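Along the sequence shown, residues are numbered consecutively beginning with 1. Only heavy atoms go into these numbers, but all of them, side chains included; no hydrogens, no water, no symmetry mates. Remember, predicted model here, so these are calculated numbers, not experimental data.
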Amino acid sequence: MISAMLYTALALYGVAIAISAYRIIAGPSLPDRVVALDMIGVMLVSSIAIISVLQGTKAYLEVILILAILAFISTIAFSKYIERGVIIERKRDD
């Protein structure tokens, strides 16, 4: 019963990732694309966690951690780019 629910959740995550991928491709603005990219990152993390539960292993925990960190950093970088136009600010002594 639980495995059927987990497989259903994986299928629904797949549909949600496809919808988010469409939003990245056809998004009307850059902030919409950034939110969709962050949403894909969160859904991938949770999908990998479900796969880890289904397989009964802890081998994917490092992958989940690294993917979550990369998704967070990319969201921060994109939002900084949207706000200021640059990601890394360099101070120049003129």
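A search for side-chain hydrogen bond (donor to acceptor under 3.5 Å, both in side chains) contacts involving Y60 returns Q55, not counting sequence neighbours. Qualifying side-chain contact (heavy atoms from CB on, under 4.5 Å) partners for S3, counting only residues two or more places apart in sequence or in other chains: Y7, L54.
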Kindly list each side-chain donor-acceptor pair under 3.5 angstrom involving residues 15-31, sequence neighbours excluded, with atom names and distances?
from, atom 1, to, atom 2, distance (Å)
S20, OG, A16, O, 3.0
S29, OG, D32, OD2, 3.1

Under 3.5 Å donor-acceptor pairs involving side-chain atoms of residues 38-52, not counting sequence neighbours:
from, atom 1, to, atom 2, distance (Å)
D38, OD1, T75, OG1, 3.1
S46, OG, Y13, OH, 3.4
S46, OG, V42, O, 3.2
S46, OG, M43, O, 3.0
S47, OG, M43, O, 2.8
S52, OG, T57, O, 2.5

Under 3.5 Å, side-chain donor or acceptor atoms of residues 61-70 against the rest of the protein: list the pairs with distances, not counting sequence neighbours.
none

